[in-house]
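The structure appears below as structure tokens.
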Amino acid sequence: MKSLARAALTGCALVFLDLSACAADADQQSLQGQWMVESFAYNGSPVDIMKDAIREFSDDKYTLTPKIGDAINGIVKLDSSKAPKQIDLEVNGRTLKGIYEIDGDSLKMSYTLNGDERPTELVSKPDSGVVLVVHKRVK
């Protein structure tokens, strides 16, 4: 009887782990493609040069191409099991820790430029060191 209970618990654990992986995969899949920056704020102030930039996600990589200047390339890692959902953007040897929300054709990300603290809400306040970017999917 004990071995039957153990097998059932193991099966339930595997199903649970598989569902968590599916959720992460679903968000990763939803992220794929091109997104236009509708607004970009740092320390609560708009950064107009980043408006209309294009962020493209392909697998676990991304490119952010502003209208003026060089493209920024990096790696993206998601953890959709957390609340709020977490995103890490690796660029030039450093990791920008953030949170994100995907709602249909809208993507919001908030991340810190310096330090190891992760934002807890999708806002950028004065002197916070936090970036808030709102994207719209390019169709």
(request) Output the distance between atom OH (Tyr100) and atom OH (Tyr111), rounded to the nearest 0.5 Å. (result) 16.0 Å
(request) Step through the shown structure and confirm whether more than 12 heavy atoms of other residues, nucleotides or ligands are within 6.0 Å of CD on Glu38. (result) yes
(request) For Lys61, enumerate each residue passing the salt bridge (charged side-chain N to carboxylate O under 4.0 Å, His left out) test, keeping only those at least two apart in sequence or located in another chain. (result) none
(request) Using the test salt bridge (charged side-chain N to carboxylate O under 4.0 Å, His left out), find all partners of Lys85 that sit at least two apart in sequence or belong to another chain. (result) Asp27
(request) Output the rest of the hydrophobic cluster of Met36: all Ile, Leu, Val, Met, Phe, Trp and Tyr residues reachable through side-chain heavy-atom contacts under 4.5 Å, sorted by chain and number. (result) Ile54, Val138
(message) For Arg118 versus Ile87, what's the shortest heavy-atom pair and its separation?
(response) NH1-O, 3.3 Å
(request) Apply side chain to side chain contact (heavy atoms under 4.5 Å, CB included) to Tyr62 and Val91, showing your working. (result) CA-CA 10 Å; Tyr62 76 91; Val91 60; 3.6 Å; yes
(message) Is there a side-chain contact between Pro84 and Thr120 in this structure, where contact means two heavy atoms from C-beta onward sitting under 4.5 Å apart?
(response) no
(request) Treating Ile, Leu, Val, Met, Phe, Trp and Tyr as nodes and any side-chain heavy-atom pair under 4.5 angstrom as an edge, say whether Tyr42 and Ile99 lie in one connected cluster. (result) no
(request) Scan residues 64-75 for pairs that pass side-chain hydrogen bond (donor to acceptor under 3.5 Å, both in side chains), counting only residues two or more places apart or in two chains. (result) Thr63-Asn73
(message) Using 0.5 Å steps for rounding, measure from the CG atom of Leu89 to the NZ atom of Lys97.
(response) 12.5 Å
(request) With rounding to the nearest 0.5 Å, note down the distance linking CD1 in Ile68 to CE in Met50. (result) 11.0 Å
(request) Starting at OG of Ser81, measure out to CD of Gln86 and round the result to the nearest 0.5 Å. (result) 7.5 Å
Can you list, pair by pair, the side-chain donor-acceptor contacts under 3.5 Å of residues 121-137, counting residues two or more places apart and other chains?
residue: Glu121; atom: OE2; partner: Lys125; partner atom: NZ; Å: 3.1
residue: Ser124; atom: OG; partner: Asn43; partner atom: N; Å: 3.1
residue: Ser124; atom: OG; partner: Gly44; partner atom: N; Å: 2.9
residue: Ser124; atom: OG; partner: Val130; partner atom: O; Å: 2.5
residue: Ser128; atom: OG; partner: Lys125; partner atom: N; Å: 3.4
residue: Ser128; atom: OG; partner: Lys125; partner atom: O; Å: 2.6
residue: Ser128; atom: OG; partner: Val130; partner atom: N; Å: 3.2
residue: His135; atom: ND1; partner: Leu107; partner atom: O; Å: 3.2
residue: His135; atom: NE2; partner: Arg55; partner atom: NE; Å: 2.9
residue: Arg137; atom: NE; partner: Asp105; partner atom: OD1; Å: 3.4
residue: Arg137; atom: NH1; partner: Gln32; partner atom: O; Å: 3.0
residue: Arg137; atom: NH2; partner: Ser30; partner atom: O; Å: 2.5

(request) Rounded to the nearest 0.5 Å, what's the gap from CZ on Phe57 to CD on Gln34? Could you check? (result) 11.5 Å
(request) Locate the shortest heavy-atom distance separating Pro66 from Ala71; write the atom from each residue and the value. (result) CD-CA, 4.3 Å
(message) Among residues at least two apart in sequence or on other chains, which ones pass salt bridge (charged side-chain N to carboxylate O under 4.0 Å, His left out) with Glu90?
(response) Lys77
(request) Start with the C-alpha distance between Arg94 and Leu113, add both sets of side-chain angles, then the distance that settles side chain to side chain contact (heavy atoms under 4.5 Å, CB included), and finish with yes or no. (result) CA-CA 10 Å; Arg94 64 182 215 183; Leu113 285 182; 4.0 Å; yes
(request) Among Asp88, Asp59, Leu31, find the residue that satisfies the side-chain contact (heavy atoms from CB on, under 4.5 Å) test when tested with Val76. (result) Leu31
(request) Give, for atom CD1 of Ile72 and atom CG of Leu64, the distance between the pair rounded to the nearest 0.5 Å. (result) 5.0 Å
